[in-house]
Structure formats: structure tokens, C-alpha cells
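The structure appears right after this line, and notes come after that.
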2 protein chains.
Amino acid sequence: MSKNSIVLTVTLACFFAAGCESVQVKRYGSVIGVKKEMLEDYKELHANPWPEVNRKLKECNIRNYSISVRRMPDGDYYLFSYFEYTGDDFGGDMERMAADPITQKWWKETDPCQTPLPDREAGEWWAPMEEVYHLD
Amino acid sequence: MSKNSIVLTVTLACFFAAGCESVQVKRYGSVIGVKKEMLEDYKELHANPWPEVNRKLKECNIRNYSISVRRMPDGDYYLFSYFEYTGDDFGGDMERMAADPITQKWWKETDPCQTPLPDREAGEWWAPMEEVYHLD
């Protein structure tokens with residue numbers, strides 16, 4: 001095997017290995033209420049998400065995005081979201097997403113299902129949670 | 001470049017690329033109350049987790065594990081956990097973790113901080129949430 005081949009092999013291996021985890025990741029966890037009488041609608045929508053909405057999320061550097069639901073001790077249902085952001089301009093990417101007509105149409109379906117937390121900050125819809133622990 | 005070198009290069013590249021995402025992943029989201037008066041203790045513990053506990057989690061095929069906290073509309077605080085399981089025997093791995101003396105000692109510190117949800121199933125501590133949406 002020539003020296004050049006070895007260099008190419010190692011370079012390619014590093015390239016693929018780096019592709020795994022070298023990207024900068026910021027995690028976001030948030031919570032919002034979901035109206036009991038609209039929970040099934042919400043679940044139905046998210047069991048069949050619009051491909052354009054998923055594509056826009058990806059374009060805006062969102063990955064590994066999950067939403068879960070649980071009835072809490074107050075008897076109400078809440079949604080908990082977790083996603084990873086891999087870009088370097090979160091505000092800009094969120095603005096880009098909010099400006100997308102299909103995403104706006106999607107939110108017209110999902111927003112009426114939700115009840116934002118009363119103590120959220122001005123301008124927030126989902127309320128952010130505080131991360132207290134992380135293990136890679 | 002010889003044919004052998006090309007085969008080796010492609011094989012290595014595939015190996016590293018596969019290392020990224022071919023592993024089977026199951027996501028777990030759960031919730032539990034945290035006593036307001038012990039929230040700071042809980043945060044302090046998790047800001048400096050014991051290396052042996054983290055190591056045992058990894059050994060038991062847990063990765064990308066985050067815990068977040070939020071005050072909910074009932075005025076109480078709750079912890080929300082998200083992790084990914086990459087093994088093929090979740091029950092067995094959880095038993096292995098529960099049998100670890102250092103992990104047991106850790107739980108002696110963390111359990112008194114928590115208030116499990118009243119409607120959890122028998123044998124549960126953290127109560128599982130239902131995933132309604134996921135985007136890779």
C-alpha cells in the first residue's frame with residue numbers, strides 16, 4: 001500500500017469520524033400545556049407531520065427533536081419537547097422558520113391545541129426548562 | 001492506488017460512517033417531582049455527578065442523558081429526563097445498574113429530593129411520558 005493511499009485512508013476515516021460528533025450542539029428542553037379535548041388532534045397531526053415542516057426544521061439546524069406528553073398531578077396534560085440545535089445563529093434560524101408560510105400554516109393547526117404556561121416570558125410560546133444534568 | 005487500497009479505504013470509511021448512526025436507539029422521556037426545598041441540593045449533586053455513576057450509566061447503554069427542571073402551573077417543580085438507550089436488554093441493564101453499590105449510594109442522595117407522581121405504575125419511580133413526535 002502506497003504512502004498516498006494510507007494518507008487518503010486516514011483522511012477519509014477522520015472525515016467520517018468527525019462527521020459524527022464534532023458539530024457544536026446546544027440542547028433545548030421546553031414545556032407547554034395541551035388541551036385535553038384536543039390531545040388526540042395534536043397526536044394525530046404529529047403522527048403524520050407535514051414533510052415541508054420537518055424539512056424546514058432540518059434547514060434551521062434542528063435535529064433529534066422529540067415531543068412527549070404526560071398528565072401531571074394538577075390533572076392537566078403537558079407537552080415536553082427536546083431538540084438539539086447545531087447552527088450558530090439560533091435567533092436567526094427561528095426567525096427563518098417563523099417566516100416560512102407552510103410552517104405558519106402548521107402552527108395554525110397546532111397552536112389552538114396548546115395552552116402556554118402563564119409564567120412564560122414575553123414573546124415565548126413554549127416555556128424553556130433549565131438543564132441541571134447532562135451526560136454525553 | 002491499488003484495488004486493495006481502494007477496498008480498504010471504502011471499508012474503513014463505511015465503518016466510521018456506520019459508527020455514527022447504525023446503532024439501534026430507543027428514547028426514554030420521564031418526569032418526577034422535585035421538592036422545592038431540596039431543589040438546590042439536587043442541582044448541586046447533578047452539577048458534580050459522581051464519575052462512577054456516569055460510568056455505570058454508560059456501561060448500561062445509556063447515552064445523551066439530560067435532566068431539566070421547571071416550575072409548573074400548580075406551583076410545584078418537576079424534573080424531566082431524556083435519554084437514549086442503545087442496548088438490547090433494557091430490563092437487564094436497569095437491574096445491573098440497580099445492583100451497583102455506588103449507584104445505590106447516589107440514589108440515597110437523590111431519592112429524598114424527589115416526589116414521584118401519584119399516578120405512576122407500581123414499581124416505577126420516574127413516570128414515563130408518551131412520545132408523540134420525533135424527527136431524527
Side-chain angles (χ1 to χ4, degrees), chain A residues 1-2 4-6 8-10 12-21 27 29-31 33-34 39 42-43 45-47 49 53-54 57-58 62-74 76 78-84 115 117-119 127-136, chain B residues 1-2 4-6 8-10 12-21 27 29-31 33-34 39 42-43 45-47 49 53-54 57-58 62-74 76 78-84 115 117-119 127-136:
Chain A
M1 196 171 177
S2 74
N4 274 356
S5 314
I6 293 169
L8 179 59
T9 302
V10 171
L12 266 175
C14 289
F15 173 79
F16 281 106
C20 290
E21 270 314 320
R27 297 172 299 277
S30 319
V31 58
V34 59
L39 178 55
Y42 190 87
K43 283 163 82 164
L45 278 165
H46 286 79
V53 172
N54 277 353
L57 282 163
K58 288 270 184 199
I62 302 278
R63 72 168 198 195
N64 204 12
Y65 183 5
S66 300
I67 300 178
S68 300
V69 67
R70 184 72 169 76
R71 187 172 174 271
M72 294 293 281
D74 63 5
D76 290 329
Y78 294 88
L79 302 166
F80 303 92
S81 80
Y82 168 91
F83 63 76
E84 293 163 3
T115 310
L117 264 56
D119 68 346
M129 303 194 281
E130 178 194 352
E131 186 178 287
V132 298
Y133 170 76
H134 180 73
L135 174 70
D136 275 339
Chain B
M1 195 171 177
S2 75
N4 274 357
S5 314
I6 292 169
L8 178 61
T9 302
V10 171
L12 267 175
C14 289
F15 173 78
F16 281 104
C20 288
E21 271 314 319
R27 295 171 299 278
S30 319
V31 59
V34 58
L39 178 55
Y42 190 88
K43 284 164 82 164
L45 278 165
H46 286 79
V53 172
N54 277 352
L57 284 162
K58 288 272 184 197
I62 302 278
R63 72 169 197 194
N64 205 13
Y65 184 4
S66 300
I67 300 177
S68 299
V69 66
R70 185 69 168 78
R71 188 172 173 271
M72 293 294 281
D74 62 6
D76 290 328
Y78 294 88
L79 302 166
F80 302 93
S81 80
Y82 168 91
F83 63 76
E84 293 162 4
T115 310
L117 264 56
D119 68 346
M129 303 193 282
E130 178 193 352
E131 186 177 289
V132 297
Y133 169 76
H134 181 72
L135 174 70
D136 274 340

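Excluded from the calculations below are hydrogen atoms, water molecules and symmetry mates; all remaining heavy atoms, backbone and side chain alike, are included. Residue numbering restarts at 1 for every chain, and letters A, B, ... go by the order of the sequence lines.
- A distance of 12.5 Å separates CD in E130(A) from CD1 in I67(B), rounded to the nearest 0.5 Å.
- The aromatic rings of Y133(B) and Y65(A) lie perpendicular to each other, with more than 60° between the two planes, well past the 30° mark.
- For the residue pair S68(B) and E131(A), the shortest heavy atom distance occurs at OG-CA, 3.7 Å.
- The CG atom of L135(B) lies 9.0 Å from the CD1 atom of I62(A); values are rounded to the nearest 0.5 Å.
- The minimum heavy-atom distance between V132(A) and H46(B), with the atom names listed, is O-CB, 3.4 Å.
- We find that D136(A) and R63(B) are not joined by a salt bridge, their nearest charged nitrogen and carboxylate oxygen being 4.0 Å or further apart.
- With rounding to the nearest 0.5 angstrom, the CE atom of M129(A) is 14.0 Å from the OH atom of Y78(B).
- Proximity to chain A is absent for every atom of F83(B), based on heavy atoms less than 4.5 angstrom apart.
- Both the backbone and the side chain of V69(B) have a heavy atom closer than 4.5 Å to some heavy atom of chain A.
- Comparing D74(A), D119(A), N64(A) by heavy-atom pairs within less than 4.5 Å of chain B, the highest count is held by N64(A).
- Atoms OH and OH, from Y82(B) and Y82(A) in turn, are 5.5 Å apart once rounded to the nearest 0.5 Å.
- Taking the side chain as every heavy atom from C-beta outward, V31(A) and M72(B) approach each other to under 4.5 Å.
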_L117(A) vs R70(B), test: side chain to side chain contact (heavy atoms under 4.5 Å, CB included). Steps then yes/no._
CA-CA 11 Å; L117(A) 264 56; R70(B) 185 69 168 78; 3.9 Å; yes
